[in-house]
Amino acid sequence: MSERETPAPSGGLTFCGIPLAHPVINASGTFDAIAARRAFGDALLARFPFAAFVSKTVTLEPRQGNPPPRLWELAGGMINSIGLPNKGLAGYLEHDLPQLAELPVPLIVNVMGFSREQVAELVGAFGERGEVAALELNVSCPNVKTGMVMGADPGETAALLDAVRPLTRKPLIVKLTPNCTSPADVAAAAEAHGADAVSLINTLRGMAFHPRGSGTAWLGGGSGGVSGPAVRAIALAQVAEVRARTALPIVGMGGVACGRHAADFMQAGADLVAVGTESFRDPLAGARVAAELAEIRANRGIMASARDPRREAIAHNA
Amino acid sequence: VTLAPFGRRLCPVVAHEQHGAYDVISVLDAEGPAPEAGQFYMLTASERWGGGADERPFLPRAFSVLRRHEDGRLDFLFEDVGPGTRRLCELRAGDGIWLLGPLGLGFRAPEDGRRPLLVGGGVGIAPLAIWQDAIDAPALLGFRDAAHAEGARLLRGPRVATDDGSVGFHGLVTELLPGELDPSVTVYACGPPPMLEAVRALCEAEDVPAQLALESGMACGYGACFGCVVPTRDGYVRLCVDGPVLDASALDLVA
């Protein structure tokens with residue numbers, strides 16, 4: 001087993017022991033580095049926008065994804081009903097992993113199974129791979145054996161981690177779903193059962209009707225996941241609630257479109273910030289957010305003393 | 001394939017023209033590479049992108065390039081049908097627009113000295129104009145009415161059909177197609193799905209190769225969102241990176 005060689009960045013930032021050049025990564029499923037390299041060529045590698053790359057969810061078997069239409073635009077966001085298309089584990093290992101290993105940043109592989117056994121098989125397959133820095137568990141999926149969404153219930157999450165934790169020494173990041181009673185309870189269960197970090201939020205369940213007024217759903221999958229700036233306030237509150245319940249590192253995300261938003265997530269308790277939907281609007285959004293965040297952090301002391309806090313408080317809602 | 005520079009570029013709108021029901025804006029893309037016919041760009045107005053109907057648009061909009069000029073000007077053809085196209089139609093010289101592109105796979109030259117034939121419908125005539133600049137082919141164009149048929153002037157010497165008979169042939173452009181199909185032709189088509197499906201079926205029946213420029217709702221344009229898939233005989237493909245031009249023979253049906 002050869003561990004990936006990642007030069008230690010000067011800033012000394014690490015996440016679960018992984019050295020990172022800056023605190024901005026991508027949200028799983030919102031950036032396809034292989035397709036982006038086809039569109040932009042090797043310029044993608046020279047200016048890779050994220051400090052680590054989180055790949056799209058891999059399932060055991062290949063999936064075609066949901067029938068179109070798959071997108072619906074909203075005020076300040078969108079609903080997607082993509083349905084996790086992917087080549088399956090074997091296809092990912094053969095076709096995707098060698099290409100993703102060429103990226104200039106650590107690789108985090110996102111996996112999802114329809115049972116604990118499936119997740120265990122996926123974790124086991126990546127658990128000793130040198131190309132892989134960490135695994136993210138997509139738990140926004142029903143366990144077909146219990147009928148419960150694994151990440152919506154602390155007991156399910158605990159049982160899942162008990163099944164997969166022994167299979168790898170790599171960091172395990174649990175991607176929390178916002179579509180449950182208490183993401184903080186789930187995060188606490190994840191921590192107690194061996195997770196190394198949590199990431200949140202995944203998309204919020206949403207739907208749209210066909211504009212014709214025919215009473216049919218617009219999205220081919222019926223419902224989908226809401227993302228973009230519209231969800232940011234919800235995501236911030238959930239990150240703050242999870243931070244209050246766990247000491248685990250947190251990847252915060254949900255509608256981050258600029259450095260100010262990223263700084264807000266860090267105030268809420270996130271250690272890293274992920275950019276998702278904004279990359280659809282601007283493929284360099286990750287790099288832009290990282291640069292803006294660095295500037296905000298560098299100037300914080302100076303700015304705070306120069307500003308009139310009462311005036312700023314009024315200005316936001318003015 | 002011409003690759004896109006990595007990242008959006010803020011470019012000035014340098015001209016706006018009205019062509020009946022359509023708006024043509026010219027954008028000076030001095031830094032960008034020349035697109036291939038059928039490639040597209042993701043467009044975002046630099047100001048007031050959002051705040052229209054339903055507080056949209058939010059996502060960029062995908063448009064095939066209508067024409068490229070030697071000085072780097074890119075022309076785009078719009079019809080105001082929704083919040084994104086409404087904002088794009090408002091743009092005038094001096095306004096700013098974010099460009100990402102050129103993206104996707106465009107038209108490929110006909111094989112074996114076959115004769116190209118262009119078939120377009122409505123705003124779908126756009127990629128046929130830049131393709132006609134490259135290969136000089138006859139065009140059959142269909143429009144709803146006289147106001148839309150003014151778009152026909154953007155191509156050279158087209159035969160025009162209108163739904164209401166106000167200009168040219170009274171009927172569908174695909175009714176003109178059978179008379180032009182022979183075994184030496186390659187068809188290049190872009191237009192609404194029913195038109196493309198008729199073109200596909202006619203070409204299949206006559207065993208004539210056809211390349212169809214399709215459209216699909218798209219969030220990103222570079223393969224990230226997986227939102228723009230269309231069903232093909234090989235399963236779903238992302239129109240942004242595997243299209244927007246697809247061989248008709250890859251499709252069972254254009255829906």
Side-chain angles (χ1 to χ4, degrees), chain A residues 26 29-49 56 62-86 211 218-220 224 227-230 257 276-285 287-288, chain B residues 1-10 33 39-40 42-44 49-62 82-84 98-105 214-232 234-242 255:
Chain A
N26 67 297
T30 63
F31 198 94
D32 180 338
I34 295 169
R37 199 166 170 190
R38 281 177 63 194
F40 305 122
D42 285 347
L44 174 77
L45 307 185
R47 300 172 70 192
F48 198 74
K56 194 167 167 59
R63 290 170 60 89
Q64 279 239 40
N66 290 337
R70 291 178 168 187
L71 303 174
W72 177 260
E73 186 181 68
L74 298 173
M78 57 187 283
I79 315 176
N80 81 77
S81 173
I82 308 299
L84 305 173
N86 76 98
W218 169 259
L219 295 166
S227 67
T277 301
E278 186 65 8
S279 292
F280 298 158
R281 305 191 336 149
D282 173 4
L284 278 167
R288 176 170 53 76
Chain B
V1 176
T2 304
L3 299 183
F6 185 33
R8 307 184 299 176
R9 340 187 248 296
L10 181 58
Q39 285 192 300
F40 70 97
M42 299 302 285
L43 307 180
T44 309
W49 195 251
D54 294 339
E55 300 302 324
R56 296 185 290 127
F58 170 71
L59 297 166
R61 296 293 192 260
W98 290 103
L99 290 188
L100 178 72
L103 297 162
L105 306 176
L214 276 72
E215 183 178 37
S216 176
M218 220 174 253
C220 69
Y222 64 97
C225 76
F226 285 75
C228 64
V229 295
V230 295
T232 73
D234 294 322
Y236 291 129
V237 302
R238 283 170 287 181
L239 213 51
C240 64
V241 287
D242 294 316

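Heavy atoms only: backbone and side chains are in, while hydrogens, waters and symmetry mates are out. Letters go in sequence order (proteins before strands), and every chain restarts at 1. Treat the numbers as computed from the prediction; the structure is a model and nothing was measured.
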- Residue pair B:L59, A:M78: steps toward the side-chain contact (heavy atoms from CB on, under 4.5 Å) verdict: CA-CA 8 Å; B:L59 297 166; A:M78 57 187 283; 4.0 Å; yes

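- How far CD of A:E73 is from CZ of B:R61: 4.0 Å, rounded to the nearest 0.5 Å.
- Expressed to the nearest 0.5 Å, how far CZ of B:F226 lies from CG of A:N86 amounts to 9.0 Å.
- The minimum heavy-atom distance between B:R8 and A:R281, with the atom names listed, is CD-O, 3.2 Å.
- No side-chain heavy atom of B:C220 sits under 4.5 Å from any side-chain heavy atom of A:F31.
- With chain B as partner, the option from A:Q64, A:R288, A:K56, A:R70 having the largest number of non-hydrogen pairs under 4.5 angstrom is A:R70.
- The most heavy-atom pairs under 4.5 Å with chain A, out of B:C228, B:A219, B:G104, B:P5, come from B:A219.
- With a threshold of 4.5 angstrom between heavy atoms, A:N26 does not approach chain B through any atom at all.
- Between chain B and the options A:I34, A:L44, A:T277, A:N80, the largest number of non-hydrogen pairs under 4.5 Å is found for A:L44.
- Taking each heavy atom of A:R38 and B:D242 in turn, the nearest pair found is NH2-OD1, 3.1 Å.
- Pairing each heavy atom of B:L3 with each of A:G41, the nearest pair is CD1-CA, 3.6 Å.
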- Task: Evaluate the criterion side-chain contact (heavy atoms from CB on, under 4.5 Å) for residue pair A:L284 and B:F6; output intermediate values, then yes/no.
- Result: CA-CA 8 Å; A:L284 278 167; B:F6 185 33; 3.5 Å; yes

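- Ranked by heavy-atom pairs under 4.5 Å with chain B, the list A:G83, A:G76, A:P85, A:S279 is led by A:G76.
- A pairwise comparison of heavy atoms in B:R238 and A:A35 identifies NH1-CB, 3.6 Å as the closest pair.
- Across all non-hydrogen atoms, the minimal contact from B:Y222 to A:A39 is CB-CB, 4.0 Å.
- Minimum interatomic distance between B:E55 and A:A75 (heavy atoms only, all atoms of both residues): CB-CB, 3.6 Å.
- Residue contact with chain B, scored on non-hydrogen atoms closer than 4.5 Å, involves the backbone of A:T30 exclusively.
- No other option in B:G217, B:P57, B:G50 has as many heavy-atom pairs under 4.5 Å with chain A as B:P57.
- At least one side-chain heavy atom of A:F40 sits under 4.5 Å from a side-chain heavy atom of B:L100.
- For A:P69, no part sits under 4.5 Å from any heavy atom of chain B, backbone or side chain.
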